[in-house]
Amino acid sequence: MTTGTKRNVLGVLVDATDYAAATEAVVAAAHERRPLALTALAVHGVMTGVLDRAHNARLNSFDVVTPDGQPVRWALNLLHGAGLTDRVYGPELTLRVLARFAEDGLPVYLYGSTEETLARLIPALGAKFPALKIAGVEPSKFRAVQPGEDAEIADRIKASGARLVLVGLGCPRQEVFAYAMRPLLDMPLMAVGAAFDYHAGLLRNPPAWMQRAGLEWFWRLGLEPKRLWRRYVILNPAYLARLAAQKTRLWKATPPAPAGERPATFAV
């Protein structure tokens, strides 16, 4: 399977792809020293685009958008006959990409999250991938970018020798960051969501049967009910309703054209 097979899911263009193709796209961009923006979208990520057309246009400009959640994979199969047998889950894709980067001797840069999380993440990744080269680490500033700061961040990343940036700022901030920084960097950027927290040991993965059944949202809701209840209680039914409307052609779900202008401001 190859990337570039974008399909319309509620107006958001998602690639009908698998782990191998998505991993190869990132590794190839790193070796060829060219920019690439990748994100893995679950229901929440898709709905951020549905509810914000400007953000939808940004998502539609990404080089690779993988079906992170089972409901997004099901939508690709239901609407477009994609025949996908598995999702492309952000934390798992992160591990597969890092394994290839360790094997090829390509350094990576970790951007986002907190100093405490990164302090736990670095040794955890080192234990999994002894050959992995971490070129630099930069926690989130938890504020908007200041004038000229984006260029400074890009200069630090390039000076580190990194060939990949993993961005862990949370959805949708990480997608806006990757979109905004792509023109400034000659390497791939991966918006990896909660992968930093999972691989640092701060979040527990649900049982495999829950993941296969598309119930990871229920597991996450149980772990963080105060933070996530609105995301799942409101957005999940809205996603299903819009999916039914697109399938029955009651709603065209016309995708906006890919965005081309950099945002005036974004979170760093």
Side-chain angles (χ1 to χ4, degrees), residues 1 3-18 22 37-91 93 169-176 178-179 191-194 206 210-222 224-260 263:
M1 184 174 295
T3 55
T5 54
K6 293 191 178 293
R7 299 291 182 266
N8 176 3
V9 177
L10 281 59
V12 177
L13 299 180
V14 182
D15 285 281
T17 189
D18 57 17
L38 178 149
T39 188
L41 294 186
V43 167
H44 174 239
V46 171
M47 290 302 295
T48 59
V50 172
L51 300 175
D52 182 343
R53 197 159 178 83
H55 187 61
N56 195 340
R58 286 191 290 267
L59 293 175
N60 288 353
S61 78
F62 269 58
D63 301 279
V64 184
V65 176
T66 75
D68 176 274
Q70 295 289 11
V72 182
R73 176 180 71 89
W74 296 336
L76 287 168
N77 290 345
L78 176 68
L79 296 172
H80 306 291
L84 297 177
T85 59
D86 197 4
R87 61 176 176 164
V88 182
Y89 180 47
L93 178 62
L169 294 174
C171 176
R173 295 181 299 276
Q174 61 192 9
E175 283 80 17
V176 182
Y179 169 81
V192 297
M210 292 189 79
Q211 296 186 48
R212 290 192 299 270
L215 293 174
E216 185 169 355
W217 67 271
F218 190 69
W219 175 268
R220 290 287 307 278
L221 180 62
E224 303 179 86
K226 290 184 179 180
R227 187 174 77 86
L228 298 178
W229 76 268
R230 291 181 184 272
R231 174 188 299 186
Y232 297 128
V233 173
I234 295 174
L235 294 185
N236 282 10
Y239 174 85
L240 292 175
R242 288 177 180 264
L243 179 58
Q246 184 178 356
K247 176 61 177 177
T248 57
R249 301 184 180 181
L250 293 175
W251 176 46
K252 291 184 178 180
T254 304

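All values below were derived from every heavy atom in this structure, side-chain atoms included, with hydrogens, water molecules and symmetry-related copies excluded.
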Ignoring hydrogens and geometry, is there a side-chain-to-backbone donor-acceptor pair from [X] to [Y] under 3.5 Å?
X      : Y      : value
Asn8   : Ala253 : yes
Asp15  : Thr66  : no
Asn60  : Ala257 : no
Tyr239 : Pro71  : yes

Gap between atom [atom2] of [Y] and atom [atom1] of [X] - 0.5 Å precision:
X     : Y      : atom1 : atom2 : result
His55 : Cys171 : NE2   : SG    : 5.5 Å
Lys6  : Phe62  : NZ    : CZ    : 9.5 Å
His80 : Leu78  : NE2   : CG    : 9.0 Å
His44 : Asn236 : NE2   : CG    : 10.0 Å

Taking every non-hydrogen atom, the tightest pair across [X] and [Y]:
X      : Y      : result
Pro263 : Val176 : CG-CG1, 4.1 Å
Gly11  : Asn56  : O-OD1, 3.1 Å
Ala22  : Val88  : CB-CG1, 4.4 Å
Leu59  : Gly49  : CD1-CA, 4.1 Å
Pro255 : Arg53  : C-NH2, 4.2 Å
Arg58  : Asp52  : NH2-OD2, 4.4 Å

| said: Before you tell me yes or no, could you show the steps for Leu235 and Val50 under side chain to side chain contact (heavy atoms under 4.5 Å, CB included), namely the whole-Å CA-CA distance, both residues' side-chain angles and the distance that decides it to 0.1 Å? | reply: CA-CA 10 Å; Leu235 294 185; Val50 172; over 6 Å; no
So do [Y] and [X] actually touch side chain to side chain, heavy atoms under 4.5 Å?
X     : Y     : result
Leu38 : Leu93 : yes
Leu79 : Arg7  : no
Asp68 : Pro91 : yes
Leu84 : Asp18 : no

| task | Could you tell me which residues satisfy salt bridge (charged side-chain N to carboxylate O under 4.0 Å, His left out) with Arg87, sequence neighbours excluded, listed by chain and number? | result | Glu216
| Which residues pass the side-chain hydrogen bond (donor to acceptor under 3.5 Å, both in side chains) test with Glu175, sequence neighbours left out? | Thr39
| task | Using the side chain to side chain contact (heavy atoms under 4.5 Å, CB included) rule, take Val65 and Leu13 through it: C-alpha gap first, then chi angles, then the decisive distance, then the call. | result | CA-CA 7 Å; Val65 176; Leu13 299 180; over 6 Å; no
